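From a predicted model like this one, the values you see are computed outputs, not experimental measurements.
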Amino acid sequence: HFAPFADLQWEAIPLPGSSCTSEVARLPLDPAPQAAQMLIRTPDNCHVPRHWHTANESVVGITGTFIMECDGKEEALGPGSFGYIPGKMIHQAWTKDGESLLYVAVDAAWDVNWVDGPPKRSTGE
């Protein structure tokens, strides 16, 4: 399978308590049942609130700087940087100095469990 960047289908990921929205493009190859590989892009000056995933998560920075916090420790992931977050570990992240693009792979179905509640839809008021 091949997926040219221009042909990817992007889906919004609303972020609770945040004014920004990240986007995910699921890639067409899933090597294990329900495993997922995706690209995630997050705008500049964006905070991804505390959350966890059931699956183990591997992250590779492609563009920008994505700061991740796990267990009280922060690490800046720039282009080519790698991160691993075990399943059910609470983490959060921020973008710095522009939009970031990440390659993310999980070894089971991908879910997002928000620690401080689900995303709230804007009413436009």
Side-chain angles (χ1 to χ4, degrees):
H1 293 274
F2 295 95
F5 190 81
D7 294 343
L8 295 176
Q9 300 295 312
W10 293 92
E11 174 187 338
I13 306 172
L15 302 172
S18 178
S19 61
C20 64
T21 299
S22 289
E23 296 176 300
V24 61
R26 295 176 189 267
L27 301 176
L29 176 62
D30 292 338
Q34 296 190 333
Q37 298 179 52
M38 61 202 95
L39 293 174
I40 297 179
R41 61 183 175 194
T42 304
D44 188 20
N45 297 318
C46 189
H47 175 233
V48 180
R50 296 181 325 137
H51 65 284
W52 56 274
H53 311 283
T54 304
N56 298 311
E57 178 181 23
S58 297
V59 180
V60 176
I62 298 174
T63 62
T65 300
F66 198 68
I67 301 167
M68 299 195 72
E69 185 270 321
C70 301
D71 282 343
K73 297 178 186 172
E74 290 185 14
E75 187 69 38
L77 297 179
S81 298
F82 172 80
Y84 175 80
I85 302 125
K88 299 184 180 175
M89 176 178 274
I90 294 172
H91 56 285
Q92 61 183 328
W94 301 263
T95 53
K96 179 182 178 184
D97 300 330
E99 177 182 275
S100 68
L101 180 65
L102 306 168
Y103 168 80
V104 177
V106 292
D107 59 6
W110 188 62
D111 58 8
V112 180
N113 302 283
W114 302 107
V115 173
D116 300 315
K120 295 179 178 48
R121 293 182 183 261
S122 173
T123 61
E125 296 176 5

[X] versus [Y], closest heavy-atom pair with distance:
X: G64; Y: P79; result: O-CD, 3.4 Å
X: A55; Y: A109; result: CB-O, 4.0 Å
X: A76; Y: T65; result: CB-CG2, 4.0 Å
X: P14; Y: T21; result: N-CG2, 4.1 Å
X: D44; Y: D97; result: OD1-N, 3.6 Å

Gap separating the [atom1] atom of [X] from the [atom2] atom of [Y], nearest 0.5 angstrom:
X: L101; Y: F5; atom1: CG; atom2: CZ; answer: 5.5 Å
X: I90; Y: C70; atom1: CD1; atom2: SG; answer: 10.5 Å
X: E23; Y: I13; atom1: CD; atom2: CD1; answer: 8.5 Å
X: C46; Y: R41; atom1: SG; atom2: CZ; answer: 13.0 Å
X: D111; Y: N113; atom1: CG; atom2: CG; answer: 4.5 Å

Report task. Would you check, one step at a time, whether the test side-chain contact (heavy atoms from CB on, under 4.5 Å) holds for V106 with T54? Result -> CA-CA 9 Å; V106 292; T54 304; over 6 Å; no

**Report entry** Under 3.5 Å: donor-acceptor pair, side chain of N56, backbone of D107
**Finding:**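 It does not hold such a pair.
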
Query raised in the report: Within a strict 4.5 Å, meaning less than it, do heavy atoms of the V115 and P49 side chains meet?
Result: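 Side-chain contact under 4.5 Å: no.
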
Query raised in the report: Is the shortest heavy-atom distance from the side chain of E57 to the side chain of V104 under 4.5 Å?
Result: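 They are in side-chain contact.
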
State plainly whether one hydrophobic cluster holds both [X] and [Y], where clusters connect Ile, Leu, Val, Met, Phe, Trp and Tyr through side-chain heavy atoms under 4.5 angstrom apart.
X: M68; Y: W52; result: no
X: M89; Y: F66; result: yes
X: L77; Y: M38; result: yes
X: L27; Y: W10; result: yes

Requested in this report: Apply side-chain contact (heavy atoms from CB on, under 4.5 Å) to the pair S22 and L15, showing each step before the final yes or no.
Outcome: CA-CA 7 Å; S22 289; L15 302 172; 3.9 Å; yes

Query raised in the report: Can you check side-chain contact (heavy atoms from CB on, under 4.5 Å) on T95 and V48, steps first, answer last?
Result: CA-CA 9 Å; T95 53; V48 180; over 6 Å; no

**Report entry** Test log, rule side-chain contact (heavy atoms from CB on, under 4.5 Å), inputs Y103 and V59
**Finding:** CA-CA 6 Å; Y103 168 80; V59 180; over 6 Å; no

Query raised in the report: So among E75, E74, Q92, which one has a side-chain contact (heavy atoms from CB on, under 4.5 Å) with I67?
Result: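 Running side-chain contact (heavy atoms from CB on, under 4.5 Å) over E75, E74, Q92 with I67 returns exactly one hit, E74.
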
Requested in this report: May I have all residue pairs that pass ring pair (Phe, Tyr, Trp, His ring centres under 6.0 Å) and include part of residues 73-95, sequence neighbours excluded?
Outcome: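 Qualifying pairs, neighbours excluded: H47-W94, H51-H91, H53-H91.
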
Requested in this report: Report the residues that fulfil salt bridge (charged side-chain N to carboxylate O under 4.0 Å, His left out) with R50, sequence neighbours left out, ordered by chain and then residue number.
Outcome: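 Only D116 meet the salt bridge (charged side-chain N to carboxylate O under 4.0 Å, His left out) criterion with R50.
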
